[in-house]
Amino acid sequence: MTSDFADALASGPLVLDGGLSNQLEAAGHDLGDALWSARLLADDPEAITRAHLAYFEAGADVVITSSYQATFEGFARRGIGGQRAAELLALSVESARVGPRRARVGPAGRAGRRRWVAASAGPYGAMLADGSEYRGRYGLDVGELERFHRPRLEVLAAARPDVLALETVPDTDEAVALLRAVRGLGVPAWLSYTVDGDRTRAGRPLEEAFALAADAEEVVAVGVNCCAPGDVSGAVRTAARVTGKPVVAYPNSGEVWDARARAWRGRSLFAPRLVREWRAAGARLVGGCCRVGPDAIRSIASAPSSDSY
């Protein structure tokens, strides 16, 4: 699939944003609800726009929408009907799209660059809000997973983001379902696994996992996110070798999510200098996921190309 976004990836490296939830929490918002940051689509959408602005102003070329945990099923549990849920999903794209119009100039050398919006589609486990995305294997077959994902992806695609972010995917079964679900939507996508070492969180070899997307024309990039920084380089090399596609990499800070306590444990291992290694391994789109904030993205965006890429 040819698109402006695919052309941008082909022409040079792009800087992705960092974690949306930590930026919202830093602004004083309680995200303890099962909808996580998606709750604010209904309660305070301007807060989401401000969080996106912080990353655009830090130098991000691409921001990811607040729809990771936004699903028809999740909204229904909050008493939000299907029509309103669809409106909130579309609002997640619009809340990010207004960012470039309001952002102040970012780091030197990045003024005037085009900004992009990636519509997040998290895994089935994100809807369960119990940490299942870090395990996979929900007891559903590929067809059931496709039927879960397709309606949300249709709404997100209709809102015309630049790309769909099929992210934090723990297993190959769900990857197959997502690849089927994006067919014919007319919007390019990237497929990003959450990994542990050289395997997906559900234990499938990464070579096998990335191979699923090698011939998918809708998929313009593959990679990893929501993983330890130390797991990125090897995964990036595998993704580039197996698919020949641009690679996306946005790991967590290195802290560990305690799903039962709904809190992060440990210390940050994310260092912008690691971007050199990830770029050398083949990553074209680099940023951070959970607990990686605007300061880290600013460091990536501000670094001389010889240091960062």
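Worth knowing before you read on, the calculation uses all heavy atoms, side chains too, and leaves out hydrogens, waters and symmetry mates. Treat the numbers as computed from the prediction; the structure is a model and nothing was measured.
- Listed for the Ser132 side chain is no donor-acceptor partner under 3.5 Å among the backbone atoms of Gly136.
- From Arg199, atom CZ reaches atom CD of Glu208 across 8.5 Å, with rounding to the nearest 0.5 Å.
- Between the Asn252 side chain and the Gly254 main chain, no donor and acceptor come within less than 3.5 Å of each other.
- Thr168 and Glu133 form no side-chain donor-acceptor contact under 3.5 Å, judged by distance and modelled atom types alone.
- Between the side chains of Gln23 and His52, not a single donor N or O lies within less than 3.5 Å of an accepting N or O.
- The CG atom of Leu88 lies 12.5 Å from the CZ atom of Arg39; values are rounded to the nearest 0.5 Å.
- One hydrophobic cluster, built from ILVMFWY side chains closer than 4.5 Å, cannot hold both Leu145 and Leu164; they sit in different ones.
- Side-chain contact check for Leu20 versus Ile64: every heavy-atom pair is 4.5 Å or farther apart.
- Side-chain polar atoms of Thr194 and Asn225 form no donor-acceptor pair below 3.5 angstrom.
- Between Leu16 and Tyr55, every side-chain heavy-atom pair lies at or beyond the 4.5 Å cut-off.
- In terms of heavy-atom proximity, Ala239 sits nearest to Val247 at CB-CG2, 4.0 Å.
- Heavy-atom minimum distance, Phe56 versus Ala60: CD2-O, 3.6 Å.
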task: Under the side chain to side chain contact (heavy atoms under 4.5 Å, CB included) rule, what do Val232 and Leu274 come out as? Steps first, then yes or no, please.
output: CA-CA 9 Å; Val232 172; Leu274 291 174; over 6 Å; no
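- Residues Pro13 and Arg279 form a side-chain contact, since some pair of their non-hydrogen atoms from C-beta on lies under 4.5 Å apart.
- By the rule that hydrophobic residues join a cluster once side-chain heavy atoms approach within less than 4.5 Å of another member, Leu185 and Val155 end up as members of one cluster.
- Distance check, rounded to the nearest 0.5 Å: SG of Cys227 to OH of Tyr134 gives 10.0 Å.
- Between the CG atom in Leu31 and the CD atom in Gln69 there is a gap of 10.0 Å [rounded to 0.5 Å].
- Atom CD1 of Ile48 and atom OG of Ser92 lie 8.0 Å apart (nearest 0.5 Å).
- No more than 12 heavy atoms of other residues, nucleotides or ligands sit less than 6.0 Å from atom CG of Asp215.
- Note on Glu146 versus Arg150: no salt bridge recorded, every NZ/NE/NH1/NH2 to OD/OE distance being 4.0 Å or above.
- Proximity of Pro205 to Asp198: side-chain heavy atoms (C-beta onward) are nowhere separated by under 4.5 Å.
- No continuous path of hydrophobic side-chain contacts links Val169 to Tyr124 [ILVMFWY only; heavy atoms under 4.5 Å].
- Judged by distance alone, the side chains of Tyr193 and Glu167 never bring a donor and an acceptor atom under 3.5 Å apart.
- A donor-acceptor pair under 3.5 Å is formed between the side chain of Lys245 and the backbone N or O of Val219.
- At a threshold of 4.0 Å, the pair Asp61-Arg113 counts as salt-bridged, since one of the basic side-chain nitrogens sits closer than that to a carboxylate oxygen.
- With salt bridges taken as basic N to acidic carboxylate O contacts below 4.0 Å, one links Glu207 and Arg241.
- Shown here for Thr65 and Ser120, the closest heavy-atom pair between the two residues is OG1-N, 2.9 Å.
- Using modelled atom types, one side-chain atom of Ser3 and one backbone atom of Ala6 make a donor-acceptor pair closer than 3.5 Å.
- Although no hydrogens or angles enter the test, the distance criterion places no donor-acceptor pair under 3.5 Å between the side chain of Thr238 and the main chain of Leu206.
- There is no side-chain donor-acceptor pair under 3.5 Å between Glu144 and Tyr138.
- The residues Asp171 and Arg135 are annotated as not salt-bridged, no charged nitrogen and carboxylate oxygen being separated by less than 4.0 angstrom.
- In the hydrophobic clustering of this structure, Met127 does not group with Leu89; members are Ile, Leu, Val, Met, Phe, Trp, Tyr whose side-chain heavy atoms approach within less than 4.5 Å, directly or through other members.
- Between the Arg284 side chain and the Leu9 main chain, a donor and an acceptor come within less than 3.5 Å of each other.
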Query raised in the report: Between Ser192 and Tyr250, is a side chain to side chain contact (heavy atoms under 4.5 Å, CB included) present by the stated rule, with each step listed?
Result: CA-CA 9 Å; Ser192 180; Tyr250 50 118; 3.9 Å; yes
_For a side chain to side chain contact (heavy atoms under 4.5 Å, CB included) check, start with the C-alpha distance between Ser67 and Leu156, then their side-chain angles and the critical distance, and finish with the verdict._
CA-CA 9 Å; Ser67 50; Leu156 289 172; 3.9 Å; yes
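- Residue Cys289 comes nearest to Asn22 through the heavy atom pair O-OD1, 4.0 Å, listed as atom of the first residue, atom of the second, then distance.
- Both Val15 and Val292 sit in one connected hydrophobic cluster of ILVMFWY residues. Membership requires side-chain heavy atoms under 4.5 Å apart, directly or through other members.
- Between Phe75 and Ala38, the shortest heavy-atom distance links the atoms CE2-O, 4.2 Å.
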Exercise. Could you walk me through whether Val248 and Val222 pass side chain to side chain contact (heavy atoms under 4.5 Å, CB included), step by step?
Key: CA-CA 6 Å; Val248 56; Val222 295; 5.9 Å; no
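- Looking at every heavy atom in both residues, Thr49 comes nearest to Ser95 through OG1-O, 3.1 Å.
- Considering only heavy atoms from C-beta on, His29 comes within 4.5 Å of Leu40 through its side chain.
- Annotation: Phe148 is not in aromatic contact with Phe72 [ring centroid separation under 6.0 Å not met].
- The closest donor-acceptor contact from the side chain of Glu255 to the backbone of Arg265 lies at 3.5 Å or more, if one exists at all.
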| task | Evaluate the criterion salt bridge (Lys or Arg N to Asp or Glu O under 4.0 Å) for residue pair Arg78 and Asp33; output intermediate values, then yes/no. | result | CA-CA 10 Å; Arg78 285 284 303 273; Asp33 188 275; 3.1 Å; yes
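- Between Trp278 and Ser233 there is a side-chain heavy-atom pair separated by less than 4.5 Å.
- At a threshold of 4.0 Å, the pair Asp162-Arg114 counts as salt-bridged, since one of the basic side-chain nitrogens sits closer than that to a carboxylate oxygen.
- Distance alone, capped at 3.5 Å, places no donor-acceptor pair between the Thr200 side chain and the Asp196 backbone.
- Expressed to the nearest 0.5 Å, how far CG of Leu24 lies from CZ of Arg50 amounts to 9.0 Å.
- Remark: side-chain polar atoms of Arg97 are paired, donor with acceptor, to backbone N or O of Arg160 under 3.5 angstrom.
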